[in-house]
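Written out below as structure tokens is the structure these notes cover.
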Amino acid sequence: MKKLLLILILAITTASCNIINDCDIWGAKPQLNDTKLSTGIVDSYYEDSLNAEIDNNPNDNGYYYYFTVHHLPAGMDYEVYGRELVLFGTPSQPGRYSIEVELYVEPEFWDESYEGDGLCTDTTSKYYSLEIKS
């Protein structure tokens, strides 16, 4: 009986770990690309972009993408076009800026009665380095 109980506990523990690991490794989750932002020049128009996707999900366009950007240089702003985030403007101060981009995704066809959207998580964030030269 003790042997059977030990086997059952090990099986449940292994199954739980596999669920967690599968979500970490194979699960669908939002992802920001590893773009290296181009260098800008003070008082000159700047524009660059980065993209997002749903990792391990071929239906990337079946989601709404909500971006929030923090720590942009003075004179700059951003706009969102689907999965693309465009940084633009005329920076007024030189420096190296650590820009934080936060992303929240939501399925296009979702309602409160639907439990689960196939995602392990619906948020992510990443820091990007932006250099503005004088």
Side-chain angles (χ1 to χ4, degrees):
M1 183 67 172
K2 289 181 183 179
K3 208 177 213 179
L4 181 61
L5 182 59
L6 180 60
I7 291 172
L8 182 59
I9 290 171
L10 286 173
I12 291 171
T13 304
T14 302
S16 296
C17 288
N18 285 341
I19 290 169
I20 292 169
N21 289 338
D22 286 349
C23 193
D24 288 342
I25 297 169
W26 305 109
K29 53 193 166 219
Q31 184 174 358
L32 293 161
N33 65 3
D34 292 327
T35 299
K36 183 177 189 249
L37 297 174
S38 60
T39 300
I41 299 173
V42 170
D43 296 328
S44 293
Y45 182 76
Y46 176 90
E47 187 173 307
D48 205 346
S49 66
L50 56 100
N51 291 299
E53 65 183 1
I54 304 297
D55 194 29
N56 294 321
N57 186 331
N59 187 26
D60 294 272
N61 293 327
Y63 292 82
Y64 293 111
Y65 291 77
Y66 302 100
F67 293 89
T68 305
V69 180
H70 303 281
H71 316 296
L72 280 172
M76 293 192 58
D77 205 350
Y78 67 96
E79 289 185 359
V80 176
Y81 302 98
R83 299 182 325 167
E84 181 183 26
L85 172 68
V86 178
L87 306 174
F88 67 94
T90 306
S92 59
Q93 296 291 320
R96 185 173 297 268
Y97 298 87
S98 182
I99 298 169
E100 181 183 16
V101 176
E102 296 176 334
L103 172 62
Y104 167 75
V105 297
E106 185 177 276
E108 196 169 33
F109 302 106
W110 183 85
D111 65 39
E112 292 177 14
S113 66
Y114 178 65
E115 297 209 16
D117 52 17
L119 295 176
C120 289
T121 181
D122 54 8
T123 61
T124 190
S125 66
K126 185 176 272 196
Y127 283 88
Y128 294 89
S129 179
L130 173 60
E131 183 178 4
I132 304 296
K133 293 184 176 183
S134 42

| message | Working to the nearest 0.5 angstrom, can you tell me the gap between His71 NE2 and Met76 CE? | response | 14.5 Å
| Closest non-hydrogen atom pair between Leu32 and Lys126, with its separation | O-NZ, 3.1 Å
| field | CG on Asn33 to CG on Leu50, rounded to 0.5 Å | value | 5.5 Å
| query | Closest approach of Asp60 and Glu53, non-hydrogen atoms and distance? | reply | OD1-CB, 3.1 Å
| field | Any donor-acceptor N/O pair, Asp48 side chain to Ser38 backbone, under 3.5 Å | value | yes
| said: For Val86 and Glu47: C-alpha separation, side-chain torsions, deciding distance, then whether side chain to side chain contact (heavy atoms under 4.5 Å, CB included) applies. | reply: CA-CA 7 Å; Val86 178; Glu47 187 173 307; 3.8 Å; yes
| Out of curiosity, Thr39 OG1 to Ile132 CD1, how far, rounded to the nearest 0.5 Å? | 8.0 Å
| message | I'd like to know if the side chain of Tyr46 reaches the main chain of Leu87, judged simply by a donor and an acceptor atom lying under 3.5 Å from each other, with no hydrogens or angles considered. | response | no
| task | Hey, could you give me the CG/CG distance between Leu72 and Asp77, rounded to the nearest 0.5 Å? | result | 7.0 Å
Only pairs under 3.5 Å count here: list side-chain donor-acceptor contacts from residues 88-99, not counting sequence neighbours, and write none if there are none.
unit_1	atom_1	unit_2	atom_2	d
Arg96	NH2	Glu131	OE1	3.2
Tyr97	OH	Gln93	O	3.0

| field | Interatomic distance, Tyr78 atom OH to Thr68 atom OG1 [nearest 0.5 angstrom] | value | 5.0 Å
| request: Search all heavy atoms of Thr35 against all heavy atoms of Tyr128 and return the closest pair with its distance. | output: O-CD2, 3.4 Å
| query | Which word best sums up how the rings of Tyr65 and Phe67 line up, parallel for under 30°, tilted for 30 to 60°, or perpendicular for over 60°? | reply | parallel
| field | Smallest separation among heavy atoms of Lys29 and Leu119, with atom names | value | N-CD2, 4.1 Å
| message | Given 3.5 Å as the limit, does a donor-acceptor pair link the side chain of Asp122 with the main chain of Tyr104, or not? | response | no
| said: On a heavy-atom basis, which atom in Leu103 and which in Pro30 lie closest, and how many Å separate them? | reply: CD2-CB, 3.9 Å
| query | Between atom OG1 of Thr124 and atom CD of Gln31, what is the distance when rounded to the nearest 0.5 Å? | reply | 7.5 Å
